Chemist: 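The structure is given below, and queries will be raised subsequently.
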Amino acid sequence: MEENREMTDSSRNFIEQEIDRDLAEGVYDHVKTRFPPEPNGYLHIGHAKSILLNYGLAQKYGGEFNLRFDDTNPTKEKEEFVQSIIEDVKWLGADFEERLFFASNYFQQMYECAVLLIKKGKAFVCDLSAEEIREYRGDFKTPGKESPYRNRSIEENLRLFEEMKEGRYQDGEKVLRAKIDMASPNINMRDPVIYRVARMSHHNTGDTWCIYPMYDFAHPIEDAIEHITHSICTLEFEDHRPLYDWVVKECGFENPPRQIEFAKLYLTNVVTGKRYIKKLVEDAVVDGWDDPRLVSIAALRRRGYTPESLKKFVELVGVAKANSSVDYAMLEYCIREDLKLKKARMMAILYPVKLVIDNYPEGRTEELLIPNNLENEELGERKVPFGRELYIEREDFMEEPPKKYFRLFPGNEVRLMGAYFVTCTGCEKDENGNVTVVHATYDPETKSGSGFAGRKVKGTIHWVAADTAVKVECRLYENIVDEEKGKLNEDGSLNLNPNSLTVLKECYAEPALADVKPGDSFQFMRDGYFCVDSKDSRPDHLVFNRIVSLKSSFKLNKQGTDSRKADN
Ligand code: ATP
Ligand code: MG
């Protein structure tokens with residue numbers, strides 16, 4: 001923390017600079033932030049940004065961070081979402097300790113604030129319909145018109161509001177409005193509705209209330225009750241700030257919290273809008289809210305993203321005051337960087353074809369010692385069985401290779417990773433001309449690590465011994481929408497990528513991968529990082545999700561997306 005405090009202004013983002021100023025000027029003597037989700041859906045990568053930003057600020061300034069459910073609108077809120085949000089926030093490592101709050105627990109205080117405003121002559125009960133209120137409100141060019149109910153006496157307002165609370169009116173029949181200024185250039189200040197009648201059962205308070213506060217009234221009160229110092233929200237609330245300040249002030253809160261806005265995070269090639277995700281889930285286009293092609297936090301976790309990778313991503317993106325869209329490839333970069341040194345590099349064959357080493361003694365097997373990660377010795381080594389029959393990737397053999405193809409073709413010698421040099425002698429084909437078996441001979445003198453080869457080969461391929469291999473399922477993903485082709489069709493529906501999911505049912509992995517647990521992740525050499533699926537993987541049917549391929553189609557490999565082609 002000390003170190004951070006000494007940093008110069010230019011290394012601080014604009015929110016930190018504002019906080020520094022507030023602390024220097026004595027506006028606050030501590031920092032308290034919060035994340036205020038509405039439990040109406042699953043959290044996504046954009047929320048992760050907000051969570052890590054708020055939590056990060058509390059940490060940086062030695063302050064506190066609250067998790068508060070903004071559950072003031074019972075129509076869309078569900079207990080299921082409350083649970084998933086708590087899980088996600090914890091998983092991200094944003095520690096709210098015992099400070100888990102529900103705005104609905106403040107309904108009584110909010111109600112008292114409303115009564116206080118009425119008593120001060122700052123709120124009135126209005127009988128206009130929702131549509132009339134909209135008409136009266138005016139627009140950017142036209143000032144609003146005052147409601148004919150605006151000058152009701154305090155006594156009448158108190159009585160009517162009490163009757164609203166008692167359930168004497170139908171939904172929409174009467175509302176409570178703040179009395180501010182119908183001519184304000186800021187439309188939010190034109191006597192906004194602050195309470196409405198809604199006969200709905202609430203997930204937390206049940207049927208206790210039939211009036212519910214509006215967001216713009218409830219939110220500042222929630223912040224003030226919790227003594228939040230910096231209420232950080234996204235840009236669309238900038239125009240609501242005068243109302244936020246008005247509510248806190250008129251309701252008499254001391255040490256009012258301060259709202260600061262930042263730009264939302266948008267990502268290319270993915271779907272973040274709750275509305276679209278909901279539709280994909282309902283139409284069964286995806287396998288629930290945690291489908292690994294989505295960017296809900298649950299989906300990213302299932303896919304194999306780590307909290308560290310998301311933290312790194314959020315840091316790289318930074319905090320801005322202007323909306324912009326971040327390339328999905330940046331997220332991929334962050335997970336690769338995070339896993340690179342942490343995970344063992346194993347061998348698995350996704351598109352298998354048999355390789356038979358004809359001069360390797362039948363029935364013989366040997367165990368080769370292979371380092372788990374050449375860049376990180378601490379991960380140790382493991383034994384990998386080798387034998388006469390192996391599986392290799394189909395595309396590592398070509399009967400008639402193009403130029404610069406350095407893998408197996410008749411007459412060519414390659415290294416089997418961590419094992420021997422083999423020279424291809426030919427192949428067998430079925431009646432359709434598909435290669436069924438590749439043949440080769442090996443040179444016993446070339447055992448990896450023996451130093452006896454005395455010659456070099458240009459290609460190295462990976463392999464798995466056939467008789468000890470574990471059959472696994474691998475799921476490969478592409479972006480669910482392709483930004484360049486347009487995210488939406490003309491009719492407004494999503495322009496889905498038909499290849500967003502490829503299921504490979506017959507992959508072969510080395511036996512060390514036999515007893516993995518859901519959530520474990522590995523590098524599969526030359527193929528990418530994979531994570532054991534937490535929903536569908538079983539001990540007798542392992543399912544691996546590809547988190548990300550090894551090389552980026554973006555920046556690192558300009559020619560194409562197939563990492564393997566760049567390998568040799
Ligand atoms: P909606 O209000 O439409 O239901 P929401 O995404 O705003 O959806 P909230 O639960 O209100 O959902 O959001 C909680 C917090 O997360 C808010 O403070 C909001 O500003 C922030 N947030 C939401 N989306 C993003 C985003 N894309 N980037 C950064 N912060 C976001
Ligand atoms: Mg919102």
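One is the number of the first residue; the rest follow in order along the sequence. Keep in mind that this is a model prediction, so the values were computed, not measured. Counting starts at 1 for both ligands and their atoms, in listed order.
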Chemist: Any idea which atoms of ligand 1 are less than 4.0 Å away from a heavy-atom of Glu38?
Modeler: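 So the answer, numbered in order with elements, is 9 (P), 10 (O).
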
Chemist: Would Lys321 and Phe262 count as a cation-pi pair here, with the cationic atom under 6.0 angstrom from the ring centre and within 45° of the axis?
Modeler: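 No cation-pi geometry.
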
Chemist: What I want to know is whether Ala263 and ligand 1 share at least one N or O pair that is separated by under 3.5 angstrom.
Modeler: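 No.
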
Chemist: Can you sort out which atoms of ligand 1 are near Pro37, meaning under 4.0 Å from one of its heavy atoms?
Modeler: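 Selected atoms, number and element: 10 (O), 14 (C).
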
Chemist: Surrounding NZ of Lys342 (heavy atoms of other residues, nucleotides or ligands, distance under 6.0 Å), is the total greater than 12?
Modeler: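 Enclosed: over 12 neighbouring heavy atoms sit under 6.0 Å from NZ of Lys342.
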
Chemist: Looking at Asn40, which atoms of ligand 1 are within less than 4.0 Å of one of its heavy atoms?
Modeler: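 That gives atoms 4 (O) of ligand 1.
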
Chemist: Assess whether atom CD of Glu79 is packed by more than 12 heavy atoms of other residues, nucleotides or ligands within 6.0 Å.
Modeler: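 Correct, the count exceeds 12.
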
Chemist: Mark yes or no: Lys343 above the aromatic ring of Phe522, with NZ or CZ under 6.0 Å from the six-membered ring centre and no more than 45 degrees from the axis.
Modeler: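 The answer is no, since Lys343 fails at least one limit relative to Phe522.
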
Chemist: Are the ring centres of Phe544 and Tyr529 closer than 6.0 Å?
Modeler: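 Here the rings of Tyr529 and Phe544 have centres that are no less than 6.0 Å from each other.
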
Chemist: Only one of Arg177, Lys174, Arg150 forms a salt bridge (charged side-chain N to carboxylate O under 4.0 Å, His left out) with Asp127, so which one is it?
Modeler: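 With Asp127 as partner, Arg177, Lys174, Arg150 yield a single salt bridge (charged side-chain N to carboxylate O under 4.0 Å, His left out), made by Lys174.
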
Chemist: Taking the minimum heavy-atom distance to atom 19 (C) of ligand 1, which of Asp70, Thr234, Asn323 ranks first?
Modeler: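 Among Asp70, Thr234, Asn323, the closest heavy atom to atom 19 (C) of ligand 1 belongs to Thr234.
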
Chemist: Report yes or no: does a heavy atom of Phe35 sit under 4.0 Å from some atom of ligand 1?
Modeler: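 Yes.
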
Chemist: Using heavy-atom distances only, which candidate in Lys274, His47, Arg275 approaches atom 1 (P) of ligand 1 most closely?
Modeler: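 Result: the heavy atom closest to atom 1 (P) of ligand 1 is in Lys274.
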
